[in-house]
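Keep in mind that the numbers below use all heavy atoms, side chains included, and drop hydrogens, waters and symmetry copies.
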Amino acid sequence: MENDNRDNNYYEPDSIQQKKEKAARELAAEEQREAEKRKNRTRFWGGVVVGLSFSVVVVTLVLVGRSLLRFMEYQRNPLQAQAKQLEFTEDSAITPTMVSKLQGLEGIIDQLYSLGEVDVEKLETGIYKGMISALEDPYSEYYTAEELADLMEQTEGIYYGIGTYISLDATTLLPKVSGVIAGTPAEAAQLRDNDLIYEVDGVSTYGLSLNETVAMIKGEEGTEVVLTIYREGESEYLEIPVTRAKVEAPTVVFEMLDETTAYIEIVEFDDVTLDQFTEAMAMARGSGMEGLIIDLRSNPGGNLDTVVDIARMLLPKGLIVYTEDKYGERVEYTCDGTRELEVPLVVLIDMNSASASEILAGAVQDYGIGTLVGTTTFGKGIVQQVLPFNDGSAMKLTISSYYTPKGRNIHGVGIEPDVVCEFDGDAYYDEVNPVDNQLEKAREVLRGLQ
């Protein structure tokens, strides 16, 4: 017992220390357990975040991967056989790689594009229009079936719109009013020749094709379109509302200016123009015509065959015009001279006289059978052809250049008048006593020829 007492007495201080150490160890262990819990919670939520992020990445990679795999499949699989069938050439824009890329683009758009529904027909049309647009030729264009129907409707002389002729301004590349048809909403709204169309219903027209601008202006009868116009001499843009209506556009206007002077305005060379001009010439002869003024001002051109047929009613025997394509192949249009005009002739021209109207003016000038009065013409010496497809769509393409009988190519140059006479807009638009100074000059020149 002594020994035990001794031991007890001896270890009592150590026992208190052990209790302290034990308590410290338990506290440390508790803190370690809490730390482990916190660590585990952090790992858990971190795993959740990482997992979610990884899931998003996986989903994205799956979506993109599908498209990329499809793209790679397009590259690898069926197109080699297609290439043999389509006979791709080395200098062709349409190659197996190009077709593969288009299919890949479509696949990625289909999988990832999220801003509205995708219109497949519009994508297809965009491809066609983009190819023609890449030519950077403002006169070449792709037409959908609807656009082609509208174009054909207009050449027949009846359509729904405001009654203007639209051409491209060479300086600003904006569409401009090149002519206003009498008795139409455009005339009532006081639109003028050479008005630049800056916007249609608030939409900029810069960079649009003429067909796209015309499509925006045309519309249902009774509806309104607002044109934002830049007019020379005005300090601000003009906002001009015009109500659409059915427009019957006679392409030929006839009038006897006096007992012996016949006046024939050719507004445009359309399918109906030949019959209208033939009728006007018959009326002029029946009215005692001793001199003729043909007005080609603001005439944007039109059908090559039509202007050639009209020229055959005026010119002597010989060449009217000839065209040459990229291969140097030449096509000649001639006149037999059996209906040559028998009275003095003056032809009015201006900066908006283009294409087919320049063919007629150029031939008159080359043969010396008439006098050109006005200002230098537009200078469009190239020919387009509308090439239809089986689905109703079509492509209008520049296929050749034309030359006057003396071999002049007037593209980018125009035809200079024999007698220069600048247009006096103030006199023409005078509300009290309007005067067409160019027409008066033409009458003066004609009197000198009689």
Side-chain angles (χ1 to χ4, degrees), residues 57-152 168 173 203-216 323-329 382-401 411:
V57 171
V58 168
V59 171
T60 303
L61 287 176
V62 167
L63 292 174
V64 176
R66 286 177 182 173
S67 298
L68 292 177
L69 285 173
R70 289 172 62 185
F71 179 74
M72 293 171 67
E73 288 174 2
Y74 295 144
Q75 296 263 29
R76 287 196 305 264
N77 294 332
L79 290 169
Q80 291 180 353
Q82 291 182 22
K84 292 179 181 178
Q85 295 176 3
L86 297 175
E87 297 182 354
F88 294 107
T89 59
E90 291 183 358
D91 59 349
S92 174
I94 302 176
T95 64
T97 300
M98 179 264 198
V99 176
S100 298
K101 187 172 183 178
L102 283 176
Q103 292 174 315
L105 288 172
E106 183 180 30
I108 293 172
I109 290 171
D110 181 56
Q111 293 290 340
L112 299 181
Y113 183 74
S114 60
L115 191 62
E117 295 294 325
V118 176
D119 189 320
V120 176
E121 289 187 6
K122 285 186 177 180
L123 287 181
E124 181 182 352
T125 299
I127 293 171
Y128 304 144
K129 285 185 176 289
M131 174 174 279
I132 304 303
S133 176
L135 296 174
E136 297 184 348
D137 173 13
Y139 305 110
S140 293
E141 194 166 356
Y142 173 81
Y143 299 114
T144 64
E146 293 77 13
E147 291 169 343
L148 182 62
D150 288 342
L151 180 67
M152 294 300 102
L168 185 69
L173 299 181
V203 178
S204 173
T205 59
Y206 184 79
L208 297 182
S209 69
L210 290 179
N211 188 66
E212 289 171 327
T213 300
V214 170
M216 292 167 65
T323 64
E324 283 189 2
D325 63 16
K326 65 187 296 184
Y327 304 105
E329 293 293 328
I382 50 179
V383 180
Q384 286 73 44
Q385 183 174 348
V386 176
L387 306 167
F389 298 106
N390 291 334
D391 63 357
S393 63
M395 172 175 60
K396 183 176 72 172
L397 191 68
T398 299
I399 60 169
S400 59
S401 298
H411 190 64

[atom1]-[atom2] distance between [X] and [Y], expressed to the nearest 0.5 angstrom:
X	Y	atom1	atom2	value
Ile382	Leu397	CD1	CG	10.0 Å
Asn211	Thr144	CG	OG1	8.0 Å
Tyr113	Leu105	OH	CG	14.0 Å
Leu208	Thr213	CG	OG1	4.5 Å
Glu212	Thr205	CD	OG1	11.0 Å
Glu106	Gln111	CD	CD	11.0 Å

_ring pair (Phe, Tyr, Trp, His ring centres under 6.0 Å) partners for Tyr143, two or more places apart_ =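 Here no residue qualifies.
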
_Side-chain donor-acceptor contact under 3.5 Å, Glu324 with Ser400_ =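 No, no side-chain donor-acceptor contact under 3.5 Å.
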
*Check the side chains of Ser393 and Asp391 for a donor-acceptor pair under 3.5 angstrom, ignoring hydrogens and angles.*
yes

_What verdict does the side-chain contact (heavy atoms from CB on, under 4.5 Å) test give for Leu148 and Val386, after you've listed the backbone C-alpha separation in whole Å, the side-chain angles of each residue and the deciding distance to 0.1 Å?_
CA-CA 9 Å; Leu148 182 62; Val386 176; 4.0 Å; yes

*Enumerate the residue pairs fulfilling salt bridge (charged side-chain N to carboxylate O under 4.0 Å, His left out) with a member in residues 126-147, sequence neighbours excluded, ordered by first and then second residue.*
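Checked against salt bridge (charged side-chain N to carboxylate O under 4.0 Å, His left out) - neighbours excluded - the pairs reaching residues 126-147 are Lys129-Glu147.
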
_Below 30° counts as parallel, above 60° as perpendicular, anything between as tilted: where do the rings of His411 and Tyr139 land?_
perpendicular

_One pair to check against side-chain contact (heavy atoms from CB on, under 4.5 Å): Val118 and Leu123. What are the steps and the verdict?_
CA-CA 8 Å; Val118 176; Leu123 287 181; 3.4 Å; yes

*Are the side chain of Thr398 and the backbone N or O of Ser140 linked by a donor-acceptor pair below 3.5 Å?*
no

